[in-house]
Visitor: 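Starting off with a structure, shown below.
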Amino acid sequence: MITQMSLAVQRPLWQAELARAVSSPAELLALLDLPVSLLPGAARKDFPLRVPRGYVARMKPGNPHDALLRQVLPVDEEGLSAEGFTPDALGEHQAMPVAGLLHKYHGRALLVTTGACAVHCRYCFRRHFPYAEANPAPEQWRAALDYLAQDASISEMILSGGDPLSLPDTRLASLAERLAAVPHLDTLRIHTRLPIVLPERVDDALLNWLTGTRLKPVMVVHANHAQELDGAVRSALGKLVRAGVTLFNQSVLLRGVNDSVEALAALSRGLFDAGVTPYYLHLLDRVRGTAHFEVGETRARELIAGVRARLPGYLVPRLVREIAGAPAKQPLAQSGAL
Ligand SMILES: *Cc1c(COP(=O)(O)O)cnc(C)c1O
Ligand code: SF4
């Protein structure tokens with residue numbers, strides 16, 4: 001007899017963790033022994049709070065200025081309008097040849113696989129992205145794949161989002177297979193914050209499809225602060241390294257989070273310890289609701305010069321900004337001054 005039990009498919013641990021992520025501002029404040037006076041600003045409906053419990057566990061209770069808390073706790077300042085901060089700072093709403101596919105740079109194309117993320121980062125440049133239109137259902141991946149198949153100049157496919165790793169492995173595995181069937185593609189790159197905010201995501205099922213095709217696997221994770229790299233994260237990153245995945249990190253330079261030479265140097269060292277090469281340090285994209293995170297260009301140059309004076313060159317991320325219409329991320333020249 002087939003019982004209910006034997007039919008039930010075991011849900012992977014990471015999905016269970018995702019399902020119990022904190023979404024109540026009152027609960028988050030209570031977990032961290034923070035005053036309810038922070039509550040009014042935290043109850044934003046347009047881009048609500050979302051943070052996995054394991055990430056909350058890395059925050060320091062009682063500290064309203066904690067570098068991890070600041071990345072996820074909605075605040076009143078998000079409601080302020082600021083000169084030059086717009087919903088679509090990158091002109092991405094225009095750069096899509098087919099739904100969900102961004103082809104801005106030579107040789108690589110980026111597929112917006114999903115609008116979902118495990119965490120809602122308050123500074124996110126995609127917080128106003130029209131995912132409902134851009135976000136192709138699996139059958140629409142066909143249009144993106146057709147576009148790819150017809151452009152032999154594209155050798156690298158980037159899966160982005162949202163967070164591509166918030167999709168189930170069965171769907172990602174079938175996408176990876178279809179990509180591997182495009183002869184001129186040689187690299188599959190995943191842009192994701194999940195190994196950092198929900199390290200349980202790096203399980204055998206993920207490693208199987210990611211390393212199971214002829215495509216060279218590259219992963220660009222997204223950590224902004226050394227305090228994010230606890231034992232569970234280091235072990236997840238270690239699994240990826242041992243499986244043959246090339247790992248890079250990109251960060252965003254954020255006021256009140258990582259805008260000091262010490263914080264940036266500690267992040268680079270922590271990443272290197274975990275097998276990850278620092279890649280980009282992005283200036284904040286000027287998206288509405290994020291002005292309180294901005295670090296000025298002059299200060300940004302000074303900070304990166306400070307990091308350069310302290311660390312080997314391979315641990316200094318490239319300081320870049322994205323400019324709509326430019327052929328690549330734009331590097332910011334280094335300031336001579338420390
Ligand atoms: C950032 C980005 C890339 C990747 O750029 P790299 O410099 O190769 O890391 C590719 N496509 C789009 C649309 C991007 O925004
Ligand atoms: S995980 Fe990435 S895409 Fe998602 S909210 Fe954070 S920064 Fe934005």
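By convention here, the first residue in the shown sequence is residue 1. Numbering of ligands and ligand atoms starts at 1, following listing order.
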Visitor: Between Y279 and F248, how do the two ring planes meet: parallel, tilted or perpendicular, split at 30° and 60°?
Guide: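 Ring orientation of Y279 relative to F248: tilted.
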Visitor: For S23, which residues count as a side-chain contact (heavy atoms from CB on, under 4.5 Å) partner, sequence neighbours excluded?
Guide: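 S23: no side-chain contact (heavy atoms from CB on, under 4.5 Å) contacts found.
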Visitor: Answer whether the closest heavy-atom distance between the side chains of V119 and R50 falls below 4.5 Å.
Guide: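 Result no, sub-4.5 Å side-chain heavy-atom pair not found.
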Visitor: For ligand 1, is any non-hydrogen atom under 4.0 Å from I158's backbone (N, CA, C, O), its side chain (CB onward), both, or neither?
Guide: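 I158 to ligand 1: side-chain contact only, backbone stays beyond 4.0 Å.
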Visitor: Out of curiosity, is E322 lining ligand 1, as in a heavy atom under 4.0 Å away?
Guide: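 True for this residue.
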Visitor: With heavy-atom distances below 4.0 Å as the criterion, list the atoms of ligand 2 near G162.
Guide: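 Those of ligand 2 that fall under 4.0 Å from G162 are 3 (S).
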Visitor: Going by an N to O cut-off under 4.0 Å, is there a salt bridge joining D273 and R269?
Guide: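 Judged by the 4.0 Å cut-off on N to carboxylate O distance, D273 and R269 do not form a salt bridge.
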Visitor: Atom 6 (Fe) of ligand 2 and C121: any N/O/S contact shorter than 2.8 Å?
Guide: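 So C121 does bind atom 6 (Fe) of ligand 2 by this criterion.
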Visitor: Relative to the heavy atoms of L102, which atoms of ligand 1 are at a distance of less than 4.0 Å?
Guide: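 Taking each heavy atom of L102 in turn, ligand 1 has 13 (C) under 4.0 Å.
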Visitor: Measure the acute angle between the ring planes of F272 and Y314, then classify it against the limits of 30° and 60° as parallel, tilted or perpendicular.
Guide: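 F272 vs Y314 ring planes: tilted.
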Visitor: Do K329 and ligand 1 have an N or O pair less than 3.5 Å apart?
Guide: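 Yes, K329 has an N/O under 3.5 Å of an N/O on ligand 1.
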Visitor: Going by the atom numbers of ligand 2, which of them fall below 4.0 Å from some non-hydrogen atom of C124?
Guide: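 Result: 3 (S), 5 (S), 7 (S), 8 (Fe).
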Visitor: Less than 4.5 Å apart, any side-chain heavy atom of L188 and any of E156?
Guide: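 No, every pair of side-chain atoms sits at 4.5 Å or beyond.
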Visitor: Taking all non-hydrogen atoms of both residues, which atom of V233 and which atom of R58 are closest, and how far apart?
Guide: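 Looking at all heavy atoms of both residues, the shortest contact is CG2-NH1, 3.4 Å.
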Visitor: Exactly one of E297, E294, E322 should register a salt bridge (Lys or Arg N to Asp or Glu O under 4.0 Å) with R286. Which one does?
Guide: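 Between R286 and the candidates, salt bridge (Lys or Arg N to Asp or Glu O under 4.0 Å) is satisfied uniquely by E294.
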Visitor: Between ligand 1 and Y279, is the shortest N or O to N or O distance under 3.5 Å?
Guide: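 Yes, since at least one N or O of Y279 sits under 3.5 Å from an N or O of ligand 1.
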Visitor: Identify, by atom number and element, the atoms of ligand 2 in contact range of R193, meaning under 4.0 Å from any of its heavy atoms.
Guide: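 It comes down to these atoms of ligand 2: 1 (S).
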Visitor: Against heavy atoms of Y280, which atoms of ligand 1 measure under 4.0 Å?
Guide: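 Atoms satisfying the 4.0 Å criterion: 6 (P), 7 (O), 9 (O).
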Visitor: Please classify the Q250 to ligand 1 contact at 4.0 Å (heavy-atom distances, strictly less than): side chain, backbone, both or neither.
Guide: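 Looking at Q250 and ligand 1, no heavy atom falls under 4.0 Å.
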Visitor: Say whether R189 and ligand 1 are in contact under the criterion: heavy-atom distance to a ligand atom below 4.0 Å.
Guide: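 A heavy atom of R189 does come that close to ligand 1.
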Visitor: Measure from atom 4 (Fe) of ligand 2 to each N, O or S atom of C117 and report whether any distance is below 2.8 Å.
Guide: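 Yes.
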Visitor: What atoms in ligand 2 come closer than 4.0 Å to a heavy atom of H222?
Guide: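 The atoms of ligand 2 under 4.0 Å from a heavy atom of H222 are 7 (S).
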Visitor: Provide the full list of salt bridge (charged side-chain N to carboxylate O under 4.0 Å, His left out) pairs with a residue in residues 22-39, sequence neighbours left out, each pair given once.
Guide: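 Passing the test, one end in residues 22-39: E27-R53.
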